[in-house]
Amino acid sequence: MANTNDILNQFKTNQESKTIDDSKKLKVGIIGTGWIAGAHIREYLDMPDVEIIAGADLVPGKAEAFFKKHGVENVRCYNSHAELIENEPDIDAVSICTYNRTHAECAIAALKAGINVLLEKPMCVTIEEAVEICKAEKESGKVLSIGFQPRFDPNMQMVKNIVQSGELGEIYYIQTGGGRRHGIPTPFGTSFITDETAGIGALGDIGCYSLDMVLNAIGYPKPLTVTGYTSNFFGTDPAFYEKINHPEYAKAFAVDDFAAGFIRLEGGVILDFRIAWAMHLDTPGDTIIMGKKGSLRIPSTDCWNGSIGGPLKIYHDVAGEQVCTELPMAKDDSKGNFWKKIRSFLDAIKEGMPAPVPSSQIIYNQAILDGIVKSNKLGHEINIEIPEI
């Protein structure tokens with residue numbers, strides 16, 4: 001097995017940090033103060049050019065308790081996103097950290113009010129919602145970035161660099177997915193598993209990350225057709241929740257805990273996808289990107305954690321010999337992926353730059369998620385239709 005420093009250096013990413021101009025502070029709000037909002041506020045508090053001025057949550061008193069817990073004072077709290085938007089005309093940006101089902105409503109309202117938006121993943125639940133979000137973004141001229149922090153991991157960037165370098169040649173087949181052996185996210189209550197709050201399960205929670213890794217690497221071609229399958233054998237079984245003493249969660253469970261799809265992409269690429277919150281396996285397989293000159297193996301992780309599960313391996317022929325080149329995992333010497341997600345959003349606002357994770361790409365991601373759900377209900381392959389925005 002070859003281990004070539006020249007090859008590794010070719011695919012390394014620049015991790016240099018730049019000085020933050022704190023002469024003008026951005027006024028920021030947080031809509032939805034549940035678990036993921038904690039990650040947002042911790043990073044905002046590390047930004048010298050941010051002033052957190054407002055927050056909103058549907059549960060009375062929850063926003064107030066959230067900001068108190070994080071030691072943030074003088075934050076105006078509201079009982080809905082609509083109240084916050086109406087009463088904070090000077091706010092520059094919001095993080096939307098609400099239930100999946102309310103992502104579209106909150107994002108559209110904020111954009112129409114002229115507010116920049118960092119929208120947590122998944123973008124929303126359906127492709128119809130995604131289209132309306134993109135329309136509101138286009139009309140507003142504001143920054144809308146989707147919360148895909150794995151994009152900023154140096155190993156994920158190395159995957160894209162390898163593909164874009166031409167080292168693998170023309171890509172024709174991709175296998176991707178992953179998931180957890182037993183990892184339905186019920187420690188946070190039922191918000192991840194009910195239809196009225198989540199809408200989609202493992203597909204939206206971690207499946208969107210897996211799709212983004214490979215779609216971003218190959219330039220986000222348009223999805224054309226999808227054959228989809230979803231199931232919830234584990235989530236609807238009371239025995240699954242015995243250890244946490246909540247058998248009633250089985251009745252509440254109304255989303256997918258496993259999903260798979262066979263997707264045809266523009267350019268003749270085939271995407272074979274599977275994702276799980278629960279299964280009798282440690283992984284449904286590594287990610288494999290196959291090209292006409294070489295193939296890339298990306299080791300899976302135990303639980304989608306924003307990076308890769310081990311060294312990348314490039315399989316190719318050199319001087320007539322079959323060679324496997326292993327690329328050691330890159331070390332991230334800068335701030336974490338979540339910090340970089342927040343920072344890139346703020347920089348885009350301040351510098352008038354495009355969104356770091358643009359909706360024009362993630363709408364294709366959402367179209368695949370939605371297509372898998374719709375195809376499963378119909379029981380056959382469907383065409384993916386995305387209207388012009």
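Because only heavy atoms are used, hydrogens play no part in the values below, and waters and symmetry mates are left out as well, while side chains stay in.
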Could you check whether the rings of [X] and [Y] sit parallel, tilted or perpendicular, using 30° and 60° as the cut-offs?
{"X": "Phe192", "Y": "Phe188", "result": "tilted"}
{"X": "Phe240", "Y": "Phe234", "result": "perpendicular"}
{"X": "Tyr220", "Y": "Tyr364", "result": "tilted"}

Check this for me: [X], atom [atom1], are more than 12 non-hydrogen atoms of other residues, nucleotides or ligands nearer than 6.0 Å?
{"X": "His280", "atom1": "NE2", "result": "no"}
{"X": "Lys25", "atom1": "NZ", "result": "yes"}
{"X": "Asp317", "atom1": "CG", "result": "yes"}
{"X": "Tyr99", "atom1": "OH", "result": "no"}

Side chain proximity check, [X] to [Y], heavy atoms < 4.5 angstrom:
{"X": "Ile200", "Y": "Val255", "value": "no"}
{"X": "Tyr209", "Y": "Gln149", "value": "yes"}
{"X": "His316", "Y": "Glu167", "value": "yes"}
{"X": "Leu215", "Y": "Gln361", "value": "no"}
{"X": "Tyr249", "Y": "Ile244", "value": "yes"}
{"X": "Pro150", "Y": "Asp212", "value": "no"}
{"X": "Phe148", "Y": "Asn216", "value": "no"}
{"X": "Phe345", "Y": "Val28", "value": "no"}

Has the side chain of [X] got a donor or acceptor atom that lies under 3.5 Å from a matching backbone atom of [Y]?
{"X": "Gln175", "Y": "Asp286", "value": "yes"}
{"X": "Asp92", "Y": "Lys27", "value": "yes"}
{"X": "Lys293", "Y": "Gly166", "value": "yes"}

**Study point:** Over-ring placement of Lys341 relative to Phe338, 6.0 Å and 45° cut-offs
**Key:**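 Yes, a cation-pi geometry holds between Lys341 and Phe338.
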Taking the basic N atoms (NZ, or NE/NH1/NH2) and the acidic carboxylate oxygens, is any pair closer than 4.0 Å for [X] and [Y]?
{"X": "Asp195", "Y": "Arg101", "result": "yes"}
{"X": "Arg343", "Y": "Asp49", "result": "yes"}
{"X": "Glu388", "Y": "Lys138", "result": "no"}
{"X": "Lys121", "Y": "Asp205", "result": "yes"}

**Study point:** From CA spacing to verdict: side chain to side chain donor-acceptor pair (under 3.5 Å), Tyr78, Glu88
**Key:** CA-CA 10 Å; Tyr78 303 94; Glu88 299 292 342; 2.6 Å; yes
Review point. Can you list the steps and then say if Ser191 with Thr197 is a side chain to side chain donor-acceptor pair (under 3.5 Å)?
Key: CA-CA 6 Å; Ser191 61; Thr197 53; 5.6 Å; no
Check your understanding: Distance only, no hydrogens: is a donor on one side chain within 3.5 Å (strictly under) of an acceptor on the other, for Glu248 and Tyr241?
Key ->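 The criterion, which ignores hydrogens and geometry beyond distance, is not satisfied for Tyr241 and Glu248.
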